[in-house]
K.L.:
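Pasting a structure here, questions to come.
We name chains A, B, ... by the order of the sequence lines, and we start the count at 1 in each one. No hydrogens, no waters, no symmetry mates; every other heavy atom, side chains included, goes into these values.
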There are 2 protein chains.
Amino acid sequence: MERVFDFSAGPAVLPVSVLKKAQESLVCYPDAGISVLEMSHRSKPFEAIIESAEANIRKLYNIPDSYRVLFLQGGAIMQFAMIPMNILKGSGKAADYIVTGTWSKKALSEAKTQGTCNTAWNGSETSFKRKPANFELKLDKSAAYCYICSNETIEGVQWQVLPEVGNVPLVCDSSSDIFSKPIDITKYGVLFACAQKNAGPAGVTIVIMRDDLVAKSDDNIPSLLNYKKMSEAKSLLNTPPTFPIYMVKLVTDWLLDDVGGLDKMYVTNKEKAAMLYDIIDNSDGFYTGHANKEFRSTMNVPFRLPSEELDKKFQQEAKEIGLTTLGGHRSVGGLRASIYNAMPKEGVEKLAEFMKAFMKKEK
Amino acid sequence: MERVFDFSAGPAVLPVSVLKKAQESLVCYPDAGISVLEMSHRSKPFEAIIESAEANIRKLYNIPDSYRVLFLQGGAIMQFAMIPMNILKGSGKAADYIVTGTWSKKALSEAKTQGTCNTAWNGSETSFKRKPANFELKLDKSAAYCYICSNETIEGVQWQVLPEVGNVPLVCDSSSDIFSKPIDITKYGVLFACAQKNAGPAGVTIVIMRDDLVAKSDDNIPSLLNYKKMSEAKSLLNTPPTFPIYMVKLVTDWLLDDVGGLDKMYVTNKEKAAMLYDIIDNSDGFYTGHANKEFRSTMNVPFRLPSEELDKKFQQEAKEIGLTTLGGHRSVGGLRASIYNAMPKEGVEKLAEFMKAFMKKEK
C-alpha cells in the first residue's frame, strides 16, 4: 500500500527516512545482534542513543550547561501536575496561568490539585482567538512561575512574542511547536513537550529545565515524579521508554543533518502554513479560520466550511485522494490540518490544491 | 549481522516473529497508509489495537468483568507510588509489605511517601533467598492492602504459593513473571507489570485492578496518576504510549496463537529453568545459585562462580559465541541469565552447553 499524507494532530507524521532507519533496526540493531526494542537501558548502545538524543536537543536549542534535558513519561498532562507538584507546592507562593486555549486551561485545572494558581489572563472570553498583550496580564511579581502554552493545538493559536514576566520563571508547554523554529531557551525556566507531534512517537516527554528549578523538588515526591531525582539519575532512574527515545534521536538527527537546523525548518514551516492561510483568506468566507491573523499557528490550521455537512464532505473527498485525518478535535469539530515539521511540502501543496478545487466545486 | 541470544533482565528478548511483524508495519501499517507510529490514538486502527491487546490479556488470565485492564506509563516504580496514593492515602488504614528482595523493598520505600506502611516480613535478614511461610507474616487484618512482588528479578526468588491474606486485597508486582504461567486472577486485588520483560518493550505498564479498588481514587489525584480517571477514559485520557501498546498486542497474540496459551508457556518455562538449575546443582559448588531451591525463579537465574575474575571470564567467553548480557544486576554483581517467555529453548540449551564446557575447562 502507498503512504498517504496524514494531518493528524498527534501522534503525527514522522519523516519517512526516519521510519525507514527505525525499521532497519527493529530486528537487528547495527552491531548489537538484538533489536533496539530488546536493548537494556544500561547497555552501551542505548547509552549512546540517549546521549546522542540529548546532545542533539542541546545543539538545536543551543542549551547552556545550566539547564537539564530530561526524558520523562506521561505526556503533557503528567507535566501539568509535576510542574506545580515540584515547583509550587510548599513554596508559599502562587503560580500565574495565562489561559489561551484548551491545553493551558487543562494545565490550570490539573495544577489546582497541587497549589494556589491564578488566571493571569483568560482567553476564553474572546473565544481563544488570540494571545494577550502585556498590559492585559494580571501578573504576580512574586509568583513561583508563569505558565503559558506556546501553541494551542486545538485552537491553532501561537505565541509569536513571549509575554514579559520579569524575573518570574516562564514555564512553557511547547508540545505542538517544539523544534518548529529557533528560540532563546534562556527566556524559559522550563520548556516541555510530549514527543508525538514534532519530536518522535508517543511515549516520551522532553523536559528542558533550569538547574535552580530542578533543585526545588522535595524528597517526599515519588521518584518518577521528582525532577531532582530524575535529573540525578540522568532520566535512568528506572527503565525509560527506550524506543521512543531512540526515535527522538533519529528525528533530531534528521533536523540537524537533513533539514539543516531550525532556521531552515522555520522557513519551510512558514511557507507551508502560508499556503493554507492564503487560501482561507482568499476564499471570500468559504473557508473560515479560527485564530486572529497575527496569532495564527504555523503547526495547526483549524478551519471551517459553511456547514457541518460540507465539513464532512470535505474530509471524505480528501480521504479518497490520500489526504487523511483532517477532522477538528472532537471537542470543537470543524476541520484541522496539522502540518508539523515532518509533513512534506508536497503534502501541503496537495491539500492546498484540493482546497481550491473543492471551493470551486462547492462554493 | 546475525542475532545473538541476549539474557538481559529487561528490556529483554522479544519473539522474532513479533519483531518481524512490527517491522512490516513501521513504514506503512496494513490498510492505513501510515506507520503504526504515526497513528492517532483516536483512530479506528489504533482503537482496534488497544481493544485487541486488552481482549488478549483478559483471555490469557481469564479476567472477569469486575476487573479493569489499564495501560499506564512510568513502569513499576510509578505503580509503587500510585498504589498507595490511590488506595492507602486518606483511607485511615495502613498497608502491609512483604519484603522479599530489592524490588519489594523499593516499593515499600516509595509507598512511605504516601502513607503508613508496615513490613509484614523482612527477607533481607535471610539475604533474600526465600519467601516467608504464612506463620512468619505479621499481617494487619484491616490493612488497606498487602503488597508482594511475585518474582524478584535481581535475587531470582519467586512466590510458588501465594501468602494467605484473608479479605485484605493482595497487590502484586508481577513485572518479571507476568504471563509466564497460569494464575487465578481473582486472588489479586491488583496485579501490575511493566511490559519490558515478558509483555512487550519498555514504555507501557499493564495494571489489572478490581473495580472496588479502582473506585477508591480521590478526585484530587492528578489525572494521569488517578486509576478511576484513567479507567473511565479506558486508558485514553491523553495520548497513551501507542507503539508499546501495539507491541503488547503482538506479544499476547503470539502467546495465544503461536505458543498456545499459558499452560503450554509454563511447561516450556519450567523446562528451560531446569536446564540451568540442574547444571548449577551438579557442579559441586563451581556454580552457586542464590535462592533456596523451592523458591527459585523460572524467569531469572542468578548465579556465581568461585571468583569475580571467573565471572568476568565467563561473560567474555559467552559473548564471543553470541550469549550476551549475562552480568548480574549492578547492585549485586555475579551472573544472571534472564530466560523470559520469548527466550527460545535453543538459547537456553546453548547457554547450558557453554556452562558445562566452561566448568570442564576452568574447574
K.L.:
Answer yes or no: does atom NZ of A:Lys228 have more than 12 heavy-atom neighbours from other residues, nucleotides or ligands under 6.0 Å?
P.N.:
yes
K.L.:
Counting neighbours of NZ on A:Lys105 that are heavy atoms of other residues, nucleotides or ligands and sit closer than 6.0 Å, is the number greater than 12?
P.N.:
no
K.L.:
Which atom pair, heavy atoms only, marks the closest approach of B:Asn238 to A:Gly74?
P.N.:
ND2-O, 3.1 Å
K.L.:
Quick one: closest heavy-atom pair of B:Pro240 and A:Ala202, and the distance?
P.N.:
O-CB, 3.4 Å
K.L.:
Is it the case that more than 12 heavy atoms not belonging to B:Lys229 sit under 6.0 Å from its NZ atom?
P.N.:
yes
K.L.:
Shorter than 4.5 Å, heavy atoms on both sides: which option in B:Ser8, B:Ala111, B:Ser40 has the most such pairs with chain A?
P.N.:
B:Ser40
K.L.:
Looking at A:Gln114, A:Met247, A:Met78, A:Met85, which has the largest count of heavy-atom pairs under 4.5 Å with chain B?
P.N.:
A:Met78
K.L.:
Set out, in order, the CA-CA distance, both residues' side-chain angles and the distance that settles side-chain contact (heavy atoms from CB on, under 4.5 Å) for A:Thr113 and B:Ile221, then state yes or no.
P.N.:
CA-CA 7 Å; A:Thr113 65; B:Ile221 296 173; over 6 Å; no
K.L.:
Under 4.5 Å, counting heavy-atom pairs only, tell me which of A:Pro244, A:Gly75, A:Pro222, A:Pro201 racks up the most with chain B.
P.N.:
A:Pro222
K.L.:
With a 4.5 angstrom heavy-atom cut-off, could you sort out which part of B:Leu72 is near chain A: side chain, backbone, both or neither?
P.N.:
neither
K.L.:
Output the distance between atom OG (B:Ser223) and atom CD1 (A:Ile77), rounded to the nearest 0.5 Å.
P.N.:
6.0 Å
K.L.:
Report the C-alpha distance between B:Leu224 and A:Glu110 in whole Å, list the side-chain angles of each, state the deciding distance to 0.1 Å, and finish with yes or no for side-chain contact (heavy atoms from CB on, under 4.5 Å).
P.N.:
CA-CA 10 Å; B:Leu224 263 271; A:Glu110 288 285 322; over 6 Å; no
K.L.:
From B:Leu26 CG over to A:Lys20 NZ, what is the distance, rounded to the nearest 0.5 angstrom?
P.N.:
12.0 Å
K.L.:
Any side-chain heavy-atom pair from B:Gln196 and A:Thr242 closer than 4.5 angstrom?
P.N.:
no
K.L.:
Counting heavy-atom pairs closer than 4.5 Å to chain B, which one of A:Ala81, A:Ser25, A:Ala12, A:Gly10 comes out on top?
P.N.:
A:Ala12
K.L.:
Begin from the C-alpha positions of B:Asn220 and A:Lys112 and carry the test side-chain contact (heavy atoms from CB on, under 4.5 Å) through to its verdict.
P.N.:
CA-CA 9 Å; B:Asn220 267 325; A:Lys112 282 180 173 169; over 6 Å; no
K.L.:
Please indicate whether A:Lys216 has more than 12 foreign heavy atoms, meaning atoms of other residues, nucleotides or ligands, lying under 6.0 Å from its NZ.
P.N.:
no
K.L.:
On a heavy-atom basis, which atom in A:Gly203 and which in B:Gln73 lie closest, and how many Å separate them?
P.N.:
O-OE1, 3.9 Å
K.L.:
What distance separates A:Arg42 CZ from B:Thr325 OG1, expressed to the nearest 0.5 Å?
P.N.:
13.5 Å
K.L.:
So which part of B:Glu2 gets closer than 4.5 Å to some heavy atom of chain A, the side chain, the backbone, both or neither?
P.N.:
backbone
K.L.:
Please walk me through it: do A:Ile34 and B:Val13 pass side-chain contact (heavy atoms from CB on, under 4.5 Å)?
P.N.:
CA-CA 8 Å; A:Ile34 56 173; B:Val13 58; over 6 Å; no
K.L.:
Considering only heavy atoms, which portion of B:Ala22 lies under 4.5 Å from any heavy atom of chain A: side chain, backbone, both, or neither?
P.N.:
both
K.L.:
Look at A:Ser43, A:Ala9, A:Ser35 and state which one has the largest set of heavy-atom pairs under 4.5 Å with chain B.
P.N.:
A:Ser35
K.L.:
Of the non-hydrogen atoms in A:Gln23 and B:Val27, which two are nearest, and what is the gap between them?
P.N.:
OE1-CG2, 3.3 Å
K.L.:
Surrounding NZ of B:Lys106 (heavy atoms of other residues, nucleotides or ligands, distance under 6.0 Å), is the total greater than 12?
P.N.:
no
K.L.:
Check whether A:Leu237 gets within reach of chain B through its side chain, its backbone, both or neither, counting any heavy atom under 4.5 Å.
P.N.:
both
K.L.:
Using non-hydrogen atoms and a 4.5 Å limit, figure out which bit of B:Met39 sits close to chain A: side chain, backbone, both or neither.
P.N.:
backbone
K.L.:
Mind checking side-chain hydrogen bond (donor to acceptor under 3.5 Å, both in side chains) for A:Ser175 and listing every partner two or more places apart, or none if nothing turns up?
P.N.:
A:Asp173
K.L.:
Most heavy-atom pairs under 4.5 angstrom with chain A, which of B:Asp31, B:Val16, B:Thr324, B:Val18?
P.N.:
B:Asp31
K.L.:
Does the side chain of A:His41 reach to within under 4.5 Å of the side chain of B:Pro11, using non-hydrogen atoms?
P.N.:
yes
